[in-house]
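Letters go in sequence order (proteins before strands), and every chain restarts at 1. A quick note: this is a predicted structure, and the numbers were derived from the prediction, not measured.
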There are 2 protein chains.
Amino acid sequence: MPTLRHTPTADTPAPASEGARAILAAAEALFASRGYDAVSMNEIAQTAGASKANIFHHFQSKKALYLEVLRSACSNDSAELLQELEHESGPIIERLQRFVAHHLDSLLRNERSARLIQREVRQSSDDQAKELAQQVFGDNFARLLALITAGQTQGELRADVEPALIAVLLLAGNIFFFDAHRVLRHLPGAGFATDPAGFNRMAMEILLHGIRPQHCPNPTDQS
Amino acid sequence: MPTLRHTPTADTPAPASEGARAILAAAEALFASRGYDAVSMNEIAQTAGASKANIFHHFQSKKALYLEVLRSACSNDSAELLQELEHESGPIIERLQRFVAHHLDSLLRNERSARLIQREVRQSSDDQAKELAQQVFGDNFARLLALITAGQTQGELRADVEPALIAVLLLAGNIFFFDAHRVLRHLPGAGFATDPAGFNRMAMEILLHGIRPQHCPNPTDQS
DNA sequence: GTCTATACACGGATAGAC
DNA sequence: GTCTATCCGTGTATAGAC
């Protein structure tokens, strides 16, 4: 698969001449829900209300169209979460909590693009992963790390664990929930599978008591 | 996609007449690494050293072959983990720890089958998920739940959280690591991405301090 | 920019000999 | 059980008119 380097200078590299945007939207929906191979150009044309040949006029090939879809999906998903992090005040733990909740919500709301990106993450062997890490996730992950390390220096979080590990555990729960909640629903005792917010609250509660510094209610001091 | 109900009575429903096993093995490798659509019957035949028509002699259709592959992959993956749980003594936390470590190890070692099953979990919308939950994951998940509840009644684990939630968090870390470690490697501060065992140890350490009841080193007792 | 028509290859599946 | 040969649908991509 070709490289997906994106020139970060131009805001709109291809203005997407009206009809092309319809094609892009249709392609995104179809690719995300059924994968690359399972969807045909005929189908995309039909869904977009355009002719198959017109697609090839706007995009060099099927793969080129796919990569274009990927790029737009990535930047959308990321952009939503950027603000939540920095421009806030108050305890960092609360901010983390809100971030995680927002992240899961975003996953579930933009299910299509989320799946699309996940697919790429998983099947990207070799050095494609590096590009993904640097050009797609790098910024947001770094931001999350900064928040966590701030929490550590401020004493809100344990300082004896790698911040990246905390970040990963924070995200892992969300992504697992996103992936598996349909199956989870039918497993014994996993009623929370239908309640993302509740899951988030409880998972965070568990994680926090491992993340925070020893929070011991002093038995001698019970005023 | 057709139902994947498996008669649980017969141990070897179809003895897989020698050549059929080669086909099955080749199909598993190809399906797992590239997905259902991307692999052709021609390719499977070639890899297995058989003719395309011969595949259709042993399996009704491409989809039937796929389901057969799925079934075998599932039972293999599950079977490995079954023993680890019950037939042991000692603190439950330790057993959980060993289970989680073994689980991640199993994922990484059987990458192909693991991916295959994950694919099914994610794209199974509707009631296909129910079958997966009941016929593939049900047993193992129930076992894990039993272990956790035992830990709760024994006082090793906090009793005020849903056991299923603990189970999910235990698994989520592993699966996220399995999915993302290639990308993770290239993110800042995530050096543990190349060290599954280390990741397991640290993640478990974090989780435990949230899971176990308040573990407070008594400051008055320092003999 | 958008269409109709078409070339060309490949994929899944079957027939029938051995 | 295994093969060769073949049918038929569909998918990507192009040519060329409007």
Inset, instruction - Check if the side chain of B:K52 and the base of C:dG12 share a donor-acceptor pair of N or O atoms closer than 3.5 Å. - result: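 A donor-acceptor contact between them is present.
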
Inset, instruction - Identify, residue by residue, the members of residues 40-49 of chain B with a heavy atom below 4.0 Å from DNA chain D, and return them in order of residue number, or none. - result: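 Going residue by residue through residues 40-49 of chain B, none turns out to have a heavy atom under 4.0 Å of DNA chain D.
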
What is the distance, to the nearest angstrom, from the [atom1] atom on [X] to the [atom2] atom on [N]?
{"X": "B:F56", "N": "D:dC7", "atom1": "CZ", "atom2": "C1'", "answer": "13 Å"}
{"X": "A:F59", "N": "D:dG11", "atom1": "CZ", "atom2": "C1'", "answer": "19 Å"}
{"X": "A:L30", "N": "D:dT12", "atom1": "CG", "atom2": "P", "answer": "12 Å"}
{"X": "B:H57", "N": "C:dA13", "atom1": "NE2", "atom2": "P", "answer": "16 Å"}
{"X": "A:D37", "N": "C:dC10", "atom1": "CG", "atom2": "C1'", "answer": "14 Å"}
{"X": "A:I23", "N": "C:dG1", "atom1": "CD1", "atom2": "P", "answer": "11 Å"}
{"X": "A:L65", "N": "D:dT12", "atom1": "CG", "atom2": "P", "answer": "11 Å"}
{"X": "A:K62", "N": "D:dT10", "atom1": "NZ", "atom2": "P", "answer": "15 Å"}

Measuring from the side chain of [X] (C-beta onward, heavy atoms only), which nucleotide among [options] has the closest atom?
{"X": "A:H58", "options": "C:dT2, C:dT4, D:dT2", "answer": "C:dT2"}
{"X": "A:N54", "options": "C:dG1, D:dC3, D:dA13", "answer": "C:dG1"}
{"X": "B:S51", "options": "C:dA13, D:dC3, C:dC3", "answer": "D:dC3"}
{"X": "A:A53", "options": "C:dC3, D:dT12, C:dG12", "answer": "C:dC3"}

Legend entry - Under-4.0 Å salt bridge between B:E111 and B:R115: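 Looking at B:E111 and B:R115, the cut-off is met.
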
Inset, instruction - Anything under 30° is parallel, anything over 60° is perpendicular, the rest tilted; go ahead and classify B:Y36 against B:F31. - result: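 Parallel: the ring planes of B:Y36 and B:F31 meet at under 30°.
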
Any sub-3.5 Å donor-acceptor pair from [X]'s side-chain atoms to [Y]'s backbone N or O?
{"X": "A:R185", "Y": "B:K130", "result": "no"}
{"X": "A:H57", "Y": "A:A53", "result": "no"}
{"X": "B:H181", "Y": "B:F177", "result": "yes"}
{"X": "A:R95", "Y": "A:G90", "result": "yes"}

Inset, instruction - State, yes or no, whether a side-chain contact exists between B:F137 and B:V121 at a heavy-atom distance under 4.5 Å. - result: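 The answer is yes, as the side chains (C-beta and beyond) meet within the 4.5 Å cut-off.
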
